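Written out below as structure tokens is the structure these notes cover.
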Amino acid sequence: MDRYEQVTELARRRGFMWPAFELYGGAAGFYDYGPLGAQLKRRIEDAWRGFFVIREGFAEIEAPTIGIEDIFKASGHLSGFSDPLTECKECKEIYRADHLIKHIIEVPDALSDEEIYQVFQDNDIFCPECGGDLSTVYEFNLMFKTAIGPGNKHAGYLRPETAQGMFINYPRLLRYFRGALPFGAVQIGKSYRNEISPRQGVIRLREFTQAEAEVFIDPRDKTHPRFDEVKDIVMRLYSQAGQERGEVEEMTVGEAVEKGIIAHQTLAYYVARTYQFLQAVGVARDRLRFRQHKADEMAHYAADCWDAEVLLDRLGWIELVGVADRTDYDLKSHMALSQARLTVFVNYDQPVRREKLVIKPDMKSLGPRFKGQAKAIAEALKSLDMKELKGEGPIAVQVDGETVEVERELVSFEMVEEEIRGEELVPHVIEPSFGIDRILYTVLEHSYYEEMVEEEPRIVLRLLPRMTPVDVAVLPLMDRPELTAPAREILEALRSAGYLTDYDTSGSIGRRYRRNDEIGTPYCVTVDYETIEQGTVTIRDRDSMRQVKVKKEDLLGTVSGLLCCTQRFEDAGVAVSP
RNA sequence: GCGGCUGUGGUCUAGCGGUUAUGACAUGAGCUUCCCAAGCUCGUAACCCGGGUUCGAUUCCCGGCAGCCGCACCA
């Protein structure tokens, strides 16, 4: 049994997660989170909010999970998010149609399905497996389609990423942030992709949770004001060049930017924050690296993209996070389709002064004289240059193919000096995009430990404090009224203080410790006869299995200190000798 | 989607054309002043779904679903 199996089995058995719809046989690509899993997921999401909403000051929004057709026309998901497929008529093998003609056509993506099929016929392309005839080419779109309202007039699609919700709300977000760059918006929520063949449990789902941030920045300046805070962090980078050499390099964030390995400070800054976040939720540092997308796998809109990848036992290196510079691709696409202006006015450091020729046709005279033609004549006059204006005699302009003469005194002009304070530009977007389900699985796998204690295997989930689905368990040594009564008081006190607290009287104390080890409960509080006689309780540490005794009154303070890591367990109370 | 293998209580598993379908662990109730999966008593709980063959199918056959492996796919 490998680690993947051990972890998924534990997750199923103890209530973290399991395949959905089991009652009816199931459907691949969907998972349920159970009581512990839902809690753990929430804690991961809250930790993420701590990093991006609280510490970066980004705004969290919540957009619909169903999008209308125009959004995905603009984003490119409608055309680009589908793959052209073809099927062998003999052996029923399915192929990516464009892959079969790669050696003939340089950019097969540009062809329509019919054109690809034509290429098959012109070049005698048959099934690579059995040589059979290939079917016509059809599109398989990875978006789930639905209808909005009755009838089929108004198509809707389940969103394949949360990002678009931020892009299409750009004008309101810009206003919310008082019209100035940089600013960021985030969204945590479900996204949907109708994968052809989902495998690997929770790693490839048809419905999954994303946490995405879209950081809108000034395209002319991709430095980051807080870069100093992260520049000395050492990370394992697997750059494009490194991948060609098969070599992962350790270097500081600052060095990576200086050497041009990471494109710019802002991208590097979020790569570094991603690194910190993943460790803060319990991803093992020594099984984490950042891999740069190779030029050919980079999405068409991205300028640079780095994936956080983790090493998993059965699955190898798996992508958890993508940090991409999406440039102005998305805003420009939405601008083109919606006709809305998705720009920002950016002030120059210094206003620019420049001379400008202002031409004022005398409309009072031109209007009555030329009637309907007047407007066109005025426009023609305005486009004259200084030389033409300064000439002698009547001015001749071409309007609707005929030449019209206008007296020179009907056009006044002057050079004025104007001050330009800034310009409208389309922001660039830096996108850190997190797959929450994959992170959750990784945290479970990287926290999983097995050890032998007195010839018995002990399974421990070494989750970090505050990431656990249960903070503390209250355990009466025995299920007797004289012990359960004070235990219940302690339970209530801990719950009132806001801790996720479990209460368990069933089975022997050792068995209950093991149960809690398996779900990662960091501390167990045991109530025994000394609690009655001396007013003390025992706190037991998950990782060391050591115990200390503390006064009942001090319990709340001690537990809170232990859980936020300001209190060392060794100093938390009177050690109990094993 | 294709091919191969697999599907029995919560978990791991035995087994068979006719049984009251094993066993272990887990779990529930109880007993035991019991700090690391202790012991004892008594419980709860399963043949993936649908068709076919048969007097009778959990067992054989076909289809579906799911899992694993390989291929393809993974913006």
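Not measured: the values here are computed from a predicted model. FYI, side chains are in, hydrogens and waters are out, and symmetry mates aren't considered; it's all heavy atoms of this structure. Here is the naming used below: chain letters follow the sequence lines, and residue numbers restart at 1 for every chain.
In this structure a side-chain-to-backbone donor-acceptor pair under 3.5 Å is missing from E214(A) to G184(A). Counting only distance, with no hydrogens or angles, the side chain of Q243(A) and the backbone of Y238(A) share a donor-acceptor pair below 3.5 Å.
Atom pair Q534(A):CD and U33(B):P shows a separation of 20 Å (rounding to whole Å applied). Protein atom CD1 of I509(A) is 17 Å distant from nucleotide atom P of G39(B), rounded to whole Å. Between the CG atom of N194(A) and the P atom of C73(B) there is a distance of 17 Å, given to the nearest Å. Protein atom CD of E22(A) is 14 Å distant from nucleotide atom C1' of A46(B), rounded to whole Å. Between the P atom of U32(B) and the CZ atom of R480(A) lies a distance of 5 Å, rounded to the nearest Å. The separation between M478(A) atom CE and C36(B) atom C1' is 15 Å, rounded to whole Å. Remark: C1' of C68(B) and CD of E9(A) are 15 Å apart, rounded to the nearest angstrom. What separates CD of E456(A) from P of C36(B) is a distance of 13 Å, to the nearest Å.
Considering only side-chain N and O atoms, S197(A) lies nowhere under 4.0 angstrom from the phosphate OP1 or OP2 of G1(B). In this structure, Y4(A) reaches the C68(B) phosphate: one of its side-chain N or O atoms is under 4.0 Å from OP1 or OP2. Remark: R199(A) is not in phosphate contact with A66(B), judged by side-chain N or O atoms under 4.0 Å from OP1 or OP2. Applying the 4.0 Å criterion to OP1 and OP2 of G28(B), one finds that S506(A) has a side-chain N or O inside that range. Between G10(B) and R12(A), no contact under 4.0 Å exists linking OP1 or OP2 to a side-chain N or O.
Contact of the I532(A) side chain with the L483(A) side chain is registered, since non-hydrogen atoms from C-beta on lie closer than 4.5 Å.
U22(B): no Watson-Crick or G-U partner with both key distances under 3.5 Å is found in any strand. Pair check for A14(B) finds none; no Watson-Crick or G-U wobble contact set falls under 3.5 Å. Pairing for G3(B) goes to C69(B), judged as Watson-Crick or G-U wobble with the two contacts each under 3.5 Å. Across every strand in view, A45(B) sits unpaired, with no contact that passes the Watson-Crick or G-U test at under 3.5 angstrom. Across the strands present, G30(B) finds its partner in C40(B); the criterion is a Watson-Crick or G-U wobble pair with both atom distances under 3.5 angstrom. Using N1 to N3 plus N6-O4 or O6-N4 for Watson-Crick, or N1-O2 and O6-N3 for G-U wobble, each under 3.5 Å, C60(B) pairs with G52(B).
Closest to the K549(A) side chain, of the nucleotides A37(B), C35(B), A66(B), is C35(B). The Y529(A) side chain lies nearest to U33(B) when the options are U33(B), C35(B), A26(B). Looking at the side chain of R511(A), the nearest of the listed nucleotides A38(B), C73(B), A66(B) is A38(B). Nearest nucleotide to the side chain of Y513(A), out of C74(B), C36(B), C34(B): C36(B). Among the nucleotides A37(B), C36(B), C35(B), the one closest to the side chain of L477(A) is C35(B).
Counting any heavy atom pair closer than 4.0 Å across all strands shown, E5(A) reaches no nucleic acid atom. Among the atoms of the strands shown, none is found under 4.0 Å from any heavy atom of R512(A). Heavy atoms of R314(A) sit under 4.0 angstrom from primed sugar atoms or phosphate atoms, though from no base atom. L142(A) comes within 4.0 angstrom of nothing in the nucleic acid, heavy atoms only. Across all strands, D517(A) comes closer than 4.0 Å to no nucleic acid atom at all (heavy-atom distances).
On the C1' atoms, A57(B) is 11 Å away from C16(B), given to the nearest whole Å. For the P atom pair drawn from C5(B) and C73(B), the interatomic distance equals 24 Å after rounding to whole Å. A38(B) sits 7 Å from A26(B) when the P atoms are compared, rounded to a whole Å. Taking atom P on both U58(B) and G3(B), the two are 27 Å apart, rounded to the nearest angstrom. Atom name P, nucleotides C55(B) and A14(B): the rounded distance is 32 Å, in whole Å. Distance check on atom C1': C2(B) versus C60(B) gives 26 Å, rounded to whole Å.
In this structure, R289(A) is positioned above the aromatic face of W317(A), its NZ or CZ under 6.0 Å from the six-membered ring centre and within 45° of the axis. Y503(A) carries R488(A) over the face of its six-membered ring, with the cationic atom under 6.0 Å from the centre and within 45° of the normal.
Side-chain contact, Q187(A) with R159(A): a donor N or O sits under 3.5 Å from an acceptor N or O. Side-chain contact annotation: S544(A) with D541(A), donor-acceptor N/O pair under 3.5 Å present.
Side-chain atoms of R540(A) come within donor-acceptor range of the base of C36(B), with a qualifying N/O pair under 3.5 Å. A donor-acceptor contact under 3.5 Å is not formed by the side chain of Y24(A) with the base of C65(B). One N or O donor and one acceptor, one from the side chain of Q547(A) and one from the base of C35(B), sit under 3.5 Å apart.
Both E319(A) and P198(A) lie near RNA chain B, and the one whose nearest nucleotide falls closer to the 5' end is P198(A).
The minimum heavy-atom distance between A185(A) and M166(A), with the atom names listed, is CB-CG, 3.5 Å.
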